[in-house]
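These numbers come from a predicted model, not from an experiment.
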Amino acid sequence: EFFHPKNHYFIYSQSRKFYQINPNATSDLDYFHFLGEIMARALIEEQSLEIHLTSSIYKNILKRSLELEDLKDIDRELYNVLQKKLDEKPSSKNSNNSKNNEEDDGMVFTLEFDNEEEEEEASDEDENEIPCNSNQMYVDSKIEHRLKGIINEQIKALCDGFYKIIPLEQIRLFLPNELDLLICGS
């Protein structure tokens with residue numbers, strides 16, 4: 001009952017196999033703290049909860065990196081767009097210097113030094129260019145925003161409640177699917 005979408009704290013994933021945190025449920029963070037405590041207490045007392053949360057929630061609890069695959073059940077359309085972005089081959093400025101074939105990806109980098117900010121737009125003519133895969137950086141930032149950023153307060157409250165009962169150090173070795181199995185049973 002605690003996790004049922006009718007309570008508006010969780011919603012079904014697009015695949016309807018898992019529960020995910022409702023990004024609009026920001027009014028009662030104590031509820032998420034309490035749910036974290038319940039999940040940890042159930043784990044200690046070997047009581048299965050009949051909930052299957054998205055892998056990204058378990059990864060957040062375990063402080064693991066989020067990956068594109070974690071997005072698949074939550075937002076299939078965004079997953080497909082980002083997968084295509086990763087499949088794109090980075091354009092090589094050496095293979096074709098024609099301005100007609102170059103695309104501005106609009107990336108802006110902000111550097112902060114001694115409380116002063118300087119913005120520099122990425123440029124193909126930069127002689128001190130740092131090689132990086134801007135597609136991967138873009139995808140990683142989208143994943144972080146969609147799977148953590150928009151629910152950051154709820155995730156923090158859930159984790160704080162969980163860690164109040166079971167410290168992170170005691171569960172850190174588990175994989176997300178193992179934590180799911182421990183909490184939910186088979």
Side-chain angles (χ1 to χ4, degrees), residues 1-87 133 135-186:
E1 283 286 323
F2 286 115
F3 296 89
H4 197 279
K6 73 178 181 183
N7 296 324
H8 305 291
Y9 293 102
F10 287 83
I11 55 178
Y12 288 115
S13 65
Q14 272 188 346
S15 67
R16 299 194 60 81
K17 294 179 185 176
F18 307 100
Y19 293 111
Q20 65 182 353
I21 292 175
N22 184 348
N24 299 320
T26 58
S27 62
D28 192 4
L29 296 177
D30 290 337
Y31 190 85
F32 288 98
H33 190 275
F34 181 62
L35 289 177
E37 290 178 6
I38 288 175
M39 289 170 60
R41 178 57 58 195
L43 184 59
I44 288 172
E45 295 181 8
E46 299 178 9
Q47 297 296 314
S48 295
L49 299 175
E50 292 190 27
I51 53 148
H52 288 281
L53 302 174
T54 60
S55 62
S56 60
I57 293 175
Y58 292 119
K59 283 187 174 183
N60 278 305
I61 291 171
L62 296 168
K63 301 287 185 201
R64 302 263 177 142
S65 298
L66 299 168
E67 300 169 1
L68 182 58
E69 199 64 28
D70 300 321
L71 192 56
K72 198 181 251 184
D73 284 315
I74 294 174
D75 191 336
R76 176 67 79 163
E77 185 177 329
L78 181 58
Y79 168 83
N80 290 335
V81 167
L82 295 178
Q83 186 63 58
K84 284 180 187 174
K85 186 79 169 164
L86 285 178
D87 292 341
N133 184 342
N135 286 356
Q136 184 66 53
M137 288 173 49
Y138 173 79
V139 168
D140 289 345
S141 68
K142 285 295 212 181
I143 292 168
E144 184 72 18
H145 173 72
R146 181 63 179 88
L147 299 179
K148 187 173 182 181
I150 61 174
I151 55 170
N152 194 44
E153 293 175 344
Q154 298 94 317
I155 285 289
K156 183 178 178 340
L158 183 81
C159 290
D160 287 348
F162 194 95
Y163 302 150
K164 181 178 175 183
I165 308 296
I166 303 175
L168 175 61
E169 296 76 32
Q170 293 180 4
I171 59 164
R172 178 169 271 160
L173 295 176
F174 290 110
L175 297 173
N177 61 327
E178 293 171 333
L179 185 58
D180 177 56
L181 188 59
L182 287 170
I183 292 174
C184 304
S186 58

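- For the residue pair Tyr31 and Tyr9, the shortest heavy atom distance occurs at CE2-CD1, 3.2 Å.
- We find that Asp160 and Lys156 are joined by a salt bridge, their nearest charged nitrogen and carboxylate oxygen being less than 4.0 Å apart.
- Residues Tyr12 and Phe18 keep their aromatic ring centres 6.0 Å or farther apart.
- Salt-bridge check for Asp73 with Lys17: failed, with every basic side-chain N at 4.0 Å or more from each acidic carboxylate O.
- With hydrogens and angles disregarded, no donor-acceptor distance shorter than 3.5 Å links the side chain of Glu153 to the backbone of Leu29.
- In this structure, Gln14 contributes its side chain and Arg76 its backbone to a donor-acceptor pair below 3.5 Å.
- For residues 156-186, the set of pairs meeting the ring pair (Phe, Tyr, Trp, His ring centres under 6.0 Å) definition, not counting sequence neighbours, is empty.
- Under a 3.5 Å cut-off, the side chain of Glu178 and the backbone N or O of Leu175 do form a donor-acceptor pair.
- Between Leu86 and Gln136 the shortest heavy-atom distance is CD2-OE1, 3.2 Å.
- Of the possible polar contacts, none joining the Asn80 side chain to the Glu77 backbone as a donor-acceptor pair under 3.5 Å is found.
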Report all side-chain donor-acceptor pairs from residues 41-49 shorter than 3.5 Å, counting only partners two or more places apart or in another chain.
residue	atom	partner	partner atom	Å
Gln47	NE2	Glu45	O	3.4

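- To the nearest 0.5 Å, the span separating CD on Gln154 from CG on Asn22 amounts to 8.0 Å.
- Under a 3.5 Å cut-off, the side chain of Asn135 and the backbone N or O of Lys85 do form a donor-acceptor pair.
- Distance alone, capped at 3.5 Å, is enough to place a donor-acceptor pair between the Asn60 side chain and the Ser56 backbone.
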ask   = Going through the checks in order, is the side-chain contact (heavy atoms from CB on, under 4.5 Å) test met by Cys184 and Ile51?
value = CA-CA 6 Å; Cys184 304; Ile51 53 148; 4.1 Å; yes
